[in-house]
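These numbers come from the heavy atoms of this one structure, side chains and all, not from hydrogens, waters or symmetry mates.
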Amino acid sequence: MDKRLERILPRVQKPARYVGGEYNAVVKEKAEVDTRIAFCFPDTYEIGMSNLGMRILYGIMNEMPGVWCERVFAPWGDMEEEMRKAGIPLFGLESGEPITNHDIVAFSVGYEMAFPAILNMLDLAGIPMRAAERTGLTPLVIAGGTAMYNAEPMADFLDLVSLGEGEEITVELVELHRKARREGWSKQEFLKAAAQLDGIYVPSLYDITYHEDGTVAAIVAKDGAPQVVTKRIVRDMDKSYFPAKTIVPSTEIVQDRVTLELFRGCIRGCRFCQAGYVYRPVRNRSKDLCAQYAVEACNDSGYQEITLSSLSTSDYPPLTELCDQLEDFCDERHVNLSLPSLRADNFSMGLMQRLAKGRKTGLTFAPEAGTQRLRDVINKNVTLEDLLQSCRTAFAGGYNAVKLYFMLGLPTETDEDVLGIADIAARVMHTWRESASNKNRGVRITVSTSWFVPKPHTAFQWEPQISKEEYERRVKLLREAILTKTVTYNWHDSDTSFLEAVLARGDRRMGKVLETAWRKGAKLDAWEEYFSLDRWMEAFAECGLDPHFYANRTRQRDEVMPWSMISSGVTENYLWREWENAQAGVTTPDCRTHCNGCGANRLVGGKCDV
């Protein structure tokens with residue numbers, strides 16, 4: 001360990017974040033490695049180590065002969081200050097060496113609020129921030145993750161973007177980079193070749209022009225780059241890598257357990273949900289393989305909890321059979337099974353009895369909207385009776401806590417819809433009084449609301465976000481309507497949700513705002529301790545851009561979106577059809593009922609009636 005690092009660690013919070021050495025961390029002989037990759041997560045160790053995607057790609061890259069992938073996380077403010085004082089650049093956890101020694105610097109970006117952290121990490125590493133300033137093949141700065149389905153705000157800083165699921169394209173890209181270095185290609189030659197790989201978007205190979213009103217006029221690909229880049233996916237989940245032998249953190253993390261991925265995609269089609277669209281189509285992992293991975297991962301790590309994870313886990317067809325298959329192992333090893341959230345329309349007594357035996361803490365449901373009318377608008381396809389029946393089942397089974405998640409500001413929302421949330425909470429309370437098997441413990445009902453953020457590649461990408469003042473009025477309306485003392489109401493901060501909407505639908509001009517905000521101190525802006533909307537508003541003013549143009553403006557059907565060169569596989573015609581259905585309050589059945597013709601099945605060689 002660097003002696004300078006030894007001196008500063010006693011002065012920072014949670015020094016275990018920065019020392020590495022965890023069980024199953026991969027350390028290789030440098031003499032046997034020709035390609036080093038710094039795999040960066042633009043948030044703290046606790047958040048990044050909870051990310052299953054990072055664990056998967058870490059394992060895949062380290063299985064490549066001659067390749068060494070190390071983890072890099074954003075330091076907390078106290079550690080960053082000490083590193084800058086001591087002249088310690090950002091380093092990889094496995095080697096402790098600066099990431100400027102690495103050939104590829106790759107960021108996993110799941111959330112737009114992480115954008116300033118990327119700039120801060122590049123600066124802390126001593127790597128030129130803008131792609132145009134990095135003229136050599138190394139270090140190559142790349143990014144992937146859900147937030148990259150609109151990469152335009154980060155276009156000035158990234159050499160290329162990997163779209164979709166990274167298991168296959170990451171290997172192809174690394175091998176191409178190795179070839180380019182062996183054969184002495186220029187960076188431009190490499191980028192042109194990389195753009196020919198399916199799923200790779202190279203921002204510098206696209207020219208953007210704008211109308212006088214600020215909207216995008218045209219996006220023109222050049223140097224042979226494709227006009228539209230379509231995401232990559234894994235077709236067969238049974239052949240997809242699973243990190244059964246994974247790093248065991250030496251300090252507590254957010255998701256400190258085995259995360260077992262059952263399937264990818266979602267059958268439901270909620271119109272606000274970006275993940276539900278961009279991870280289509282649904283691909284299941286077989287029950288037997290899931291059970292095998294669960295046992296292997298617990299045996300290797302010593303964990304005593306397994307989270308059965310997917311976008312809508314209770315839609316996994318053999319879920320109860322999987323739980324039954326794991327029952328003996330879980331009983332013998334005192335392992336609990338848990339689901340991060342549940343569908344209110346398919347929660348059963350049988351499923352409840354299989355989850356977290358003997359540890360009935362609480363269940364989570366997400367009705368999203370307070371009335372059936374608005375649930376139909378967003379295509380939630382859950383009724384109030386579905387929710388109340390699930391609560392009856394839970395309360396009768398001994399549960400005494402329920403968390404309910406909603407959004408405020410959804411398209412067409414009225415005050416009646418807002419007040420409907422308070423009514424649902426009251427009805428859940430009444431259900432507990434009627435159904436609870438143990439009333440002595442009392443009941444805890446938590447209502448949480450977030451502010452709707454319209455995201456690219458969804459049916460609501462044309463919709464505006466309501467104004468901050470209107471959002472705060474609706475929060476107040478709901479807060480005053482919740483009268484039951486056993487109901488706790490939590491709401492999301494308005495400032496961060498507003499900026500998230502701005503960044504989510506930003507264009508390439510946003511790069512100068514990002515850099516200006518970073519120079520003013522923006523970095524870990526996903527954290528309340530570091531976020532300042534005033535700083536961002538100053539940056540927008542200095543750069544001559546209006547954030548309300550991005551967040552609060554209705555888009556027209558024929559407007560060229562900043563992300564139009566990127567495809568999730570779901571056609572824009574389908575998204576618009578879903579928008580029209582939303583305006584009419586018409587629901588779309590789930591994908592298992594019948595194919596709705598979104599286009600995504602073509603990614604796995606199927607047909608779509610588009």
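Side-chain atoms of N400 and W432 form no donor-acceptor pair, as typed in the model, at a separation below 3.5 Å. Donor-acceptor pairing under 3.5 Å is lacking for the side chains of N150 and E112. Side chains of E434 and H430: a donor-acceptor N/O pair is present below 3.5 angstrom, by distance only. Using modelled atom types and a 3.5 Å distance limit, the side chains of S568 and Y279 yield no donor-acceptor pair. In this model, no donor atom of one side chain and acceptor atom of the other lie less than 3.5 Å apart for T587 and N379. A donor and an acceptor atom, one from each side chain of S338 and T307, are located under 3.5 Å apart.
Between W451 and W491, the ring centre distance reaches or exceeds 6.0 Å.
Salt-bridge annotation for K476 and E480: present, with a side-chain N of the basic residue lying under 4.0 Å from a carboxylate O of the acidic one. A salt bridge does not link R373 with E413: none of the charged nitrogens is closer than 4.0 Å to a carboxylate oxygen. Ion pairing between K14 and E252 fails under the 4.0 Å rule for side-chain N and carboxylate O. Salt-bridge check for E500 with K455: passed, with a basic side-chain N closer than 4.0 Å to an acidic carboxylate O. Note on E168 versus R232: salt bridge recorded, some NZ/NE/NH1/NH2 to OD/OE distance being below 4.0 Å. At a threshold of 4.0 Å, the pair R375-E368 does not count as salt-bridged, since none of the basic side-chain nitrogens sits closer than that to a carboxylate oxygen.
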For the pair E296 and Q292, evaluate side chain to side chain donor-acceptor pair (under 3.5 Å) and give the outcome as yes or no after the intermediate values.
CA-CA 6 Å; E296 289 177 2; Q292 175 189 323; 3.0 Å; yes

Run the side chain to side chain contact (heavy atoms under 4.5 Å, CB included) test on L410 and V377 for me, step by step, so that the C-alpha distance in whole Å, both residues' side-chain angles and the decisive distance to 0.1 Å come before the verdict.
CA-CA 9 Å; L410 287 162; V377 168; over 6 Å; no

Starting from the C-alpha separation in whole Å, work towards a yes-or-no answer on salt bridge (charged side-chain N to carboxylate O under 4.0 Å, His left out) for R427 and E385.
CA-CA 10 Å; R427 288 172 182 263; E385 182 52 36; over 6 Å; no

Start with the C-alpha distance between T588 and N596, add both sets of side-chain angles, then the distance that settles side chain to side chain donor-acceptor pair (under 3.5 Å), and finish with yes or no.
CA-CA 8 Å; T588 300; N596 296 300; 5.6 Å; no

Side chain to side chain contact (heavy atoms under 4.5 Å, CB included) evaluation trace for Q372 with T383:
CA-CA 6 Å; Q372 192 60 47; T383 67; 3.7 Å; yes

CA sep, side-chain torsions, deciding dist, call: D238, S286, side chain to side chain donor-acceptor pair (under 3.5 Å)
CA-CA 7 Å; D238 280 359; S286 68; 3.2 Å; yes

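Other residues, nucleotides and ligands place more than 12 heavy atoms under 6.0 Å from the NZ atom of K439. More than 12 heavy atoms of other residues, nucleotides or ligands shown are found within 6.0 angstrom of CD on E529. Remark: K403 NZ is loosely packed, at most 12 non-hydrogen atoms of other residues, nucleotides or ligands lying under 6.0 Å away.
At distances below 3.5 Å, at least one donor-acceptor pair connects side-chain atoms of Y316 with backbone N or O atoms of K287. Here the side chain of E578 pairs no donor or acceptor atom with the backbone of R271 at under 3.5 angstrom. Proximity of a side-chain donor or acceptor of T484 to a complementary backbone N or O of V487 within less than 3.5 Å is not detected. S437 places a side-chain N or O within donor-acceptor distance of the main-chain N or O of A396, the cut-off being under 3.5 Å. Checking side-chain atoms of N299 against main-chain N and O of V295 turns up a donor-acceptor pair under 3.5 Å. Between the side chain of R55 and the main chain of N51, no donor-acceptor pair closer than 3.5 Å is present. Checking side-chain atoms of T251 against main-chain N and O of A16 turns up no donor-acceptor pair under 3.5 Å. Between the Q465 side chain and the S497 main chain, a donor and an acceptor come within less than 3.5 Å of each other. When atom types are taken as modelled, the side chain of R505 and the backbone of Q461 share a donor-acceptor pair closer than 3.5 angstrom. A donor-acceptor pair under 3.5 Å links the side-chain atoms of E165 to the main chain of V234, judged by distance alone.
The two residues G265 and V282 come nearest to each other via the heavy atoms C-CG2, 3.8 Å. The two residues S108 and F39 have their closest heavy-atom pair at CB-CE1, 4.1 Å. For the residue pair Q274 and Y149, the shortest heavy atom distance occurs at NE2-CB, 4.3 Å. Closest non-hydrogen pair, C298 versus R333, comes out as O-NH2, 3.4 Å. Contact detail for P249 and E22: the closest heavy-atom pair is CA-CG, 4.1 Å. Nearest heavy atoms, P75 versus L90: CD-CD1, 4.0 Å.
In this structure, the side chains of M407 and T449 stay at 4.5 Å or more apart for every pair of heavy atoms. A heavy-atom distance below 4.5 Å is not found between the side chains of L93 and V72. Within the 4.5 Å cutoff, the side chain of Y241 has no heavy atoms near those of the L57 side chain. Contact check for L262 versus S309: no side-chain heavy atoms found under the 4.5 Å cut-off. The shortest distance between side-chain heavy atoms of F73 and M121 does not fall below 4.5 Å. Residues V443 and R433 fail the side-chain proximity criterion, which asks for heavy atoms closer than 4.5 Å. By the 4.5 Å heavy-atom criterion applied to side chains, L322 and P318 are not counted as neighbours. In this structure, T146 and Y111 have side chains that are not in contact, with every pair of non-hydrogen atoms separated by 4.5 Å or more.
Cation-pi geometry between R283 and F263 is not met at under 6.0 angstrom from the ring centre and within 45 degrees of the axis.
The aromatic rings of Y277 and Y574 sit perpendicular, their planes meeting at an angle over 60°, well past the 30° parallel limit.
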